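See below for the structure under consideration.
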Amino acid sequence: CVLIKPLNSLFSSLCDLNEPLIDHSEGQHFLNETFKIIMEEVLRKGTDIKEKVCEWKEPEELALLLDLELRATGEPRHRLLQRVKDVAKYSIKTSHPRFFNQQYGGVDYHSLAGRFLTEALNTNLFTYEVAPVFVLMETEVLRGLRQLVGWTEGDGIFCPGGSTSNMYAMNLARYRLFPEVKSQGLWGLPQLTVFTSPESHYSVKKGAAYLGLGTDNVILVKVDDGGRMIPADLDEKIELAKSQGAVPFLVSCTSGTTVQGAFDPLDHIADVCQKHKLWMHVDAAWGGSVLFSKQHRHLMKGVDRANSVAWNPHKMLVAGLQCSVLLLQDTTNLLKQCHSANATYLFQQDKFYDVNLDIGDKSVQCSRKVDCLKLWLMWKAVGSDGLAERVDRAFIHIRYLVEQMKKREGFHILGEPEFVNVCFWYIPPSLRGKEGNADYQDRLAKVAPVIKERMMKQGTMMVGYQPLGNRVNFFRVIVFSPLVSQKDMDFFLNEIERLGNDL
């Protein structure tokens with residue numbers, strides 16, 4: 001018994017090793033059923049205006065509904081499929097035409113097909129030997145985007161989000177000025193300063209903290225009433241920093257600020273950067289897609305004079321999360337020089353193909369997801385003209401929305417929108433005509449949060465709100481999804497009135 005039972009067990013285990021651990025038939029059946037749920041719950045219902053944008057549940061109730069606990073034994077197929085349905089049901093329907101909450105949303109089916117294919121192939125984009133298709137594809141997509149910026153040559157990389165792209169630019173600018181920082185660290189560096197506007201993305205400060213520059217060394221440049229950086233103040237602040245012994249090295253401007261959608265005057269900022277020999281970075285994560293449009297690309301006049309550009313096609317182009325690029329005018333292989341570690345188990349120099357195709361050492365990541373396929377497939381399907389049409393149509397929707405707001409009592413726009421962000425207060429009947437009252441601002445600040453709570457709990461639509469400087473809470477509606485129509489604009493206004501009229 002002592003000898004034979006363990007031997008039988010071992011023999012049984014060895015026999016099992018001759019068969020795959022995963023049952024392909026069962027797995028494929030589950031996958032087919034899951035795709036049916038995705039098509040019905042996410043893509044049909046999730047884009048139907050008769051359906052809710054969200055099915056709101058409080059955290060405790062939602063946790064119980066989802067049965068989130070992980071156990072030692074697996075569950076049968078029917079129960080797993082119910083889990084899939086529940087995930088779909090209780091998730092926010094970001095493809096819904098009435099999801100106005102964020103700078104992503106909508107759905108492009110060609111891009112979605114690319115995302116499915118990306119997941120199925122499960123490729124790591126670091127060497128040509130494991131990702132031959134995607135090394136060439138990423139190179140071509142980056143080339144096409146650089147051409148829109150106005151560069152015939154350059155470099156670039158897909159990054160995991162616009163924040164990372166902005167941090168890359170900061171790191172590259174520092175390395176160009178002080179290449180010894182890569183090996184020697186920060187100890188020998190002078191006080192380095194970054195210049196940006198108070199309406200720039202928070203990743204500029206996060207990047208300064210992450211790279212050891214310090215958030216106190218991010219100097220905020222004044223903006224005009226529309227939220228655009230003032231070049232004259234930039235010049236003054238650079239001169240002041242120099243006089244105090246600091247070393248300015250980067251200006252981070254914004255094309256399409258998060259809240260107001262403002263476009264910094266790039267041409268004038270480029271003059272200042274050229275004067276002081278500073279790296280000019282353009283955070284165009286939100287606004288970069290205007291470069292496809294002949295009507296609206298003037299908003300980024302001067303972008304070709306920048307050193308680097310961050311751009312998120314997963315936003316206005318609806319390429320799907322995540323799809324973010326950093327584009328560089330540099331032709332000296334700065335990306336690789338700055339980030340390479342020359343791991344010989346990946347980047348052998350005696351390979352049988354051109355080792356310049358091994359692009360992984362340009363990145364601070366090792367594992368890097370394929371984000372180019374969804375954009376490439378969508379771009380191939382609709383062409384540059386089709387993408388330009390999406391941008392132009394978004395501007396048309398915004399003009400219509402603003403015109404309708406001006407015809408209705410209670411809607412007060414912060415300013416004429418430059419982009420596809422509309423910022424406004426809704427003033428309920430009880431507050432109209434009482435702007436001079438001492439408690440007016442306090443009461444107005446409470447309107448947007450209550451309306452937001454009501455719309456979420458009823459599931460009718462989603463739109464964001466925020467304060468800005470000395471301005472109390474106001475709504476910021478984002479319109480760009482190709483699924484949106486003028487009917488949705490009318491519904492939006494009617495719904496704000498319905499939800500807020502009694503406040």
Side-chain angles (χ1 to χ4, degrees), residues 102-104 142 145-146 148-151 154 156-174 193-211 213 215 218-221 223 226-231 234 248-270 272-273 278-291 296-297 299-317 322-330 335 418-421 468 478 480:
Q102 250 75 45
Q103 293 167 341
Y104 65 89
L142 291 170
L145 294 173
R146 282 197 306 271
L148 289 166
V149 170
W151 301 333
I157 193 168
F158 275 75
C159 296
S163 293
T164 305
S165 298
N166 290 339
M167 291 182 196
Y168 266 40
M170 201 176 290
N171 199 37
L172 291 166
R174 182 177 64 180
T193 51
V194 175
F195 300 81
T196 194
S197 90
E199 300 203 16
S200 67
H201 195 259
Y202 62 78
S203 60
V204 178
K205 283 194 171 183
K206 281 198 172 189
Y210 186 74
L211 293 171
L213 299 167
T215 57
V218 177
I219 298 173
L220 300 181
V221 181
V223 296
R228 294 171 288 267
M229 187 188 289
I230 299 172
L234 171 64
F249 78 106
L250 177 136
V251 175
S252 183
C253 7
T254 313
S255 289
T257 57
T258 305
V259 178
Q260 295 196 78
F263 285 75
D264 289 339
L266 302 182
D267 238 351
H268 296 299
I269 292 171
V272 177
C273 290
L278 304 186
W279 183 291
M280 177 178 168
H281 174 64
V282 180
D283 176 4
W286 176 218
S289 298
V290 299
L291 292 173
H296 302 291
R297 65 174 292 119
L299 291 167
M300 291 183 65
K301 184 176 182 294
V303 67
D304 57 306
R305 299 175 66 188
N307 297 91
S308 55
V309 176
W311 183 354
N312 288 5
H314 70 235
K315 293 186 174 180
M316 197 172 198
L317 295 183
Q322 63 191 11
C323 189
S324 306
V325 299
L326 175 69
L327 305 174
L328 298 169
Q329 190 171 181
D330 173 74
L335 257 178
E418 187 173 20
F419 194 30
V420 295
N421 309 34
L468 183 66
I478 305 290
F480 63 92

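Quantities reported herein were computed from a predicted structural model and do not represent experimental measurements. In what follows, residues are counted from 1 in the order of the sequence shown.
Closest approach of L266 and G302 over heavy atoms only: CB-C, 4.0 Å. Minimum heavy-atom separation, C159 to L326: SG-CB, 4.1 Å. Residues L211 and R174 come closest through the heavy atom pair O-NH1, 2.7 Å. S252 approaches V204 most closely through the heavy-atom pair OG-CG2, 3.7 Å. When all heavy atoms are compared, the tightest approach of P198 to V223 is CD-CG1, 3.8 Å. Residues A306 and W151 approach most closely at O-CZ2, 3.2 Å, considering heavy atoms.
For the atom pair CD1 of I269 and CZ of F195, the computed distance is 12.5 Å after rounding to the nearest 0.5 Å. Residue S289 holds its OG atom at 12.5 Å from NE2 of H296, rounded to the nearest 0.5 Å. To the nearest 0.5 Å, atom CG of residue L220 and atom OG of residue S200 are 7.0 Å apart. In this structure, T257 OG1 and L468 CG are separated by 8.5 Å, a value rounded to the nearest 0.5 Å.
At a threshold of 4.5 Å between non-hydrogen side-chain atoms, the residues I157 and V325 do not count as touching. Residues T196 and V251 have side chains not in contact (no heavy-atom distance under 4.5 Å, counting atoms from C-beta outward). Within the 4.5 Å cutoff, side-chain heavy atoms of L213 are placed close to those of M170. The shortest side-chain heavy-atom distance between V194 and F249 falls under the 4.5 Å cut-off.
Between R228 and E418 there is a salt bridge, with a side-chain nitrogen of the basic residue lying less than 4.0 Å from a carboxylate oxygen of the acidic one.
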Inset, instruction - Run the numbers on R146 and V309 for side chain to side chain contact (heavy atoms under 4.5 Å, CB included), then give the verdict. - result: CA-CA 9 Å; R146 282 197 306 271; V309 176; over 6 Å; no
Legend entry - Stepwise side chain to side chain contact (heavy atoms under 4.5 Å, CB included) test for F419 and I478: CA-CA 9 Å; F419 194 30; I478 305 290; over 6 Å; no
Inset, instruction - Please assess L335 against D330 for the test side chain to side chain contact (heavy atoms under 4.5 Å, CB included), listing each intermediate value before the final yes or no. - result: CA-CA 9 Å; L335 257 178; D330 173 74; over 6 Å; no
Inset, instruction - For the pair C253 and M280, evaluate side chain to side chain contact (heavy atoms under 4.5 Å, CB included) and give the outcome as yes or no after the intermediate values. - result: CA-CA 8 Å; C253 7; M280 177 178 168; 4.0 Å; yes
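Between the side chain of S324 and the main chain of N312, no donor-acceptor pair closer than 3.5 Å is present. E199 contributes no side-chain N or O that, together with a main-chain N or O of Q260, makes up a donor-acceptor pair within less than 3.5 Å. At distances below 3.5 Å, at least one donor-acceptor pair connects side-chain atoms of N421 with backbone N or O atoms of V259. Although no hydrogens or angles enter the test, the distance criterion places no donor-acceptor pair under 3.5 Å between the side chain of N307 and the main chain of W279.
Aromatic rings from F480 and W286 are positioned such that their centres are separated by under 6.0 Å.
When each of L148, V303, V282 is paired with W311, the side chain to side chain contact (heavy atoms under 4.5 Å, CB included) condition holds for L148 and for no other.
Scored by the side chain to side chain contact (heavy atoms under 4.5 Å, CB included) test, Q322 finds P160, H314, D371 as partners (sequence neighbours excluded). Listed by chain and number, the residues in a side chain to side chain contact (heavy atoms under 4.5 Å, CB included) with A310 are S165, N166, H281, D283 (sequence neighbours excluded). Here H201 pairs with S203 under the side-chain hydrogen bond (donor to acceptor under 3.5 Å, both in side chains) rule; sequence neighbours left out.
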